[in-house]
Protein chains: 2
Amino acid sequence: MRVTDQSISEPDLPCDAERFNQARAAQSVAVLEDYAEMIDDLIAEMGEARITDIASRMGVTNPTATKAVARMKREGLAVSRPYRGVFLTPEGVTLAARVRARHQVVLELLIALGVPAETARLDAEGMEHHVSDVTLKAFEAFLAAR
Amino acid sequence: MRVTDQSISEPDLPCDAERFNQARAAQSVAVLEDYAEMIDDLIAEMGEARITDIASRMGVTNPTATKAVARMKREGLAVSRPYRGVFLTPEGVTLAARVRARHQVVLELLIALGVPAETARLDAEGMEHHVSDVTLKAFEAFLAAR
DNA sequence: CGCAGAGTTTAGCCTTGGCTACATTAGTGT
DNA sequence: ACACTAATGTAGCCAAGGCTAAACTCTGCG
Ligand SMILES: [Mn+2]
Ligand SMILES: [Mn+2]
Ligand SMILES: [Mn+2]
Ligand SMILES: [Mn+2]
């Protein structure tokens with residue numbers, strides 16, 4: 001073949017690409033979302049969020065957690081001073097709250113659909129980041145009307 | 001505080017970390033899955049999968065698609081000779097089939113839950129990769145029993 | 001037959017998010 | 001006071017997945 005039939009493949013270009021672009025965009029903030037939620041959890045549970053605790057709970061090494069926190073600081077979601085704990089900015093707190101609520105809804109939905117609790121717990125962690133506001137509303141409506 | 005209470009934080013370490021590790025593992029194969037499905041689509045639709053078409057549909061530039069295909073070849077999912085189209089190995093075909101079926105179920109589930117079709121189309125692209133076999137079965141059961 | 005242009009590859013850059021190894025700080029207890 | 005140790009930070013490596021720019025190959029057409 002190798003024909004230059006750009007006219008045939010043009011209509012679907014923006015179509016498919018848009019989908020993948022949204023998925024990539026969601027993925028690029030997934031780490032920020034998980035760390036925000038985790039830092040908020042640790043502060044609530046332990047009174048402070050130490051790098052070591054963040055790292056062990058996220059399942060990564062300390063330098064990896066340090067880098068992630070550096071990115072969060074850069075993006076205005078967290079603050080910290082050397083050898084002190086990590087804290088969330090108001091924006092970070094807002095993000096953490098939104099992310100926690102969404103995570104909970106996704107988890108509950110999976111369980112409502114008959115997914116075993118442990119499997120739901122594992123799958124929700126990755127799925128949550130790709131659930132848009134519109135989809136979240138649909139999940140909530142389903143759970144409420146059940 | 002700063003007490004050395006490792007005994008308190010030990011029990012939850014494997015717990016939380018396991019969740020994030022699974023999400024990271026799923027993410028690390030997401031690109032392979034999407035490309036496998038896309039190459040299979042293109043071969044079905046156009047008789048061959050050219051780099052340019054793969055790239056435009058994935059919403060990336062040609063070099064990015066070339067690199068992704070290189071990884072697929074390295075992992076035994078695709079084959080190609082310079083300046084020729086890309087083909088899937090039997091393993092690649094198997095992956096594509098599994099991924100397409102899962103994608104379809106996730107899409108149908110979202111629509112069944114009342115998510116608008118266009119939103120469902122966008123969200124499913126990212127969510128699919130985090131849906132385990134067990135969860136997929138639950139989705140299928142829900143759709144069948146509806 | 002040869003060439004122009006479409007398609008492909010290559011080179012090289014960047015960011016992110018993993019890691020190990022090592023240096024530095026700070027808190028605790030003697 | 002001070003040493004020990006845990007925590008933190010830093011340096012530097014790697015792979016993946018984006019990109020641009022530029023070189024290369026193929027092919028259909030004149
Ligand atoms: Mn998550
Ligand atoms: Mn989460
Ligand atoms: Mn996908
Ligand atoms: Mn897909």
Side-chain angles (χ1 to χ4, degrees), chain A residues 1-10 17 20-35 38 42 46 48-75 77-78 80-87 126 129, chain B residues 1-10 17 20-35 38 42 46 48-75 77-78 80-87 126 129:
Chain A
M1 276 286 181
R2 190 81 44 138
V3 224
T4 317
D5 50 1
Q6 229 171 323
S7 54
I8 294 176
S9 47
E10 251 174 12
F20 294 106
N21 281 327
Q22 168 163 320
R24 280 189 288 267
Q27 199 54 42
S28 82
V29 295
V31 169
L32 298 176
E33 292 178 340
D34 283 332
Y35 274 82
M38 180 60 74
L42 285 168
M46 325 237 267
E48 71 175 337
R50 300 186 305 165
I51 285 288
T52 293
D53 293 330
I54 295 171
S56 77
R57 288 218 192 172
M58 295 299 299
V60 298
T61 58
N62 280 17
T64 297
T66 300
K67 263 195 201 176
V69 168
R71 184 181 166 204
M72 294 197 71
K73 292 168 73 172
R74 211 183 329 132
E75 310 223 356
L77 295 170
S80 76
R81 291 186 348 257
Y83 295 94
R84 289 281 115 84
V86 180
F87 300 93
H129 308 283
Chain B
M1 276 286 185
R2 190 82 42 140
V3 224
T4 316
D5 50 0
Q6 229 172 322
S7 55
I8 294 175
S9 48
E10 251 174 12
F20 293 107
N21 281 328
Q22 168 164 321
R24 279 189 289 267
Q27 199 55 41
S28 83
V29 294
V31 169
L32 298 176
E33 293 178 342
D34 283 332
Y35 274 82
M38 180 61 74
L42 285 169
M46 326 237 267
E48 70 175 339
R50 300 186 306 166
I51 285 288
T52 293
D53 293 329
I54 296 171
S56 77
R57 289 218 192 172
M58 296 299 300
V60 298
T61 59
N62 280 15
T64 298
T66 299
K67 260 196 203 175
V69 167
R71 185 180 165 204
M72 294 197 71
K73 291 168 74 171
R74 210 185 328 133
E75 310 223 357
L77 296 169
S80 76
R81 291 185 349 256
Y83 296 95
R84 289 280 117 82
V86 179
F87 300 92
H129 308 283

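Note that these values count all heavy atoms, side chains included, but never hydrogens, waters or copies made by symmetry. So that the names make sense, note that chain A is the first sequence line, chain B the second, and so on, each numbered from 1.
- Not a single side chain to side chain donor-acceptor pair (under 3.5 Å) links B:Thr66 to another residue, sequence neighbours left out.
- Atoms CD1 (A:Ile51) and C1' (D:dT10) sit 13 Å apart, rounded to a whole Å.
- For B:Ser28, there are no side chain to side chain donor-acceptor pair (under 3.5 Å) partners two or more places apart in sequence or in a different chain.
- Residues satisfying the side-chain contact (heavy atoms from CB on, under 4.5 Å) criterion with B:Thr52, sequence neighbours excluded, are B:Asn62.
- Taking A:Lys67 as the reference, nothing meets the side chain to side chain donor-acceptor pair (under 3.5 Å) condition, with sequence neighbours excluded.
- Looking at heavy-atom distances under 4.0 Å, B:Pro63 makes contact with a base.
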Exercise. Which letter, B, S or -, goes with each nucleotide of nucleotides 13-18 of chain D from 5' to 3', with contact meaning a protein heavy atom under 4.0 Å?
Worked result: B--SBB

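- Closest to the A:Arg84 side chain, of the nucleotides C:dT9, D:dT8, C:dG27, is C:dG27.
- Taking atom CD1 of residue A:Ile54 and atom P of nucleotide D:dA6, one finds them 20 Å apart after rounding to whole Å.
- The CZ-C1' distance, from A:Arg81 to C:dA26, rounds to 14 Å in whole Å.
- Partners of A:Gln22 under the side chain to side chain donor-acceptor pair (under 3.5 Å) rule, at least two apart in sequence or in another chain, are B:Asp123.
- For C:dT9, the base has no donor-acceptor partner in the side chain of B:Tyr83 [N/O atoms by modelled type, under 3.5 angstrom].
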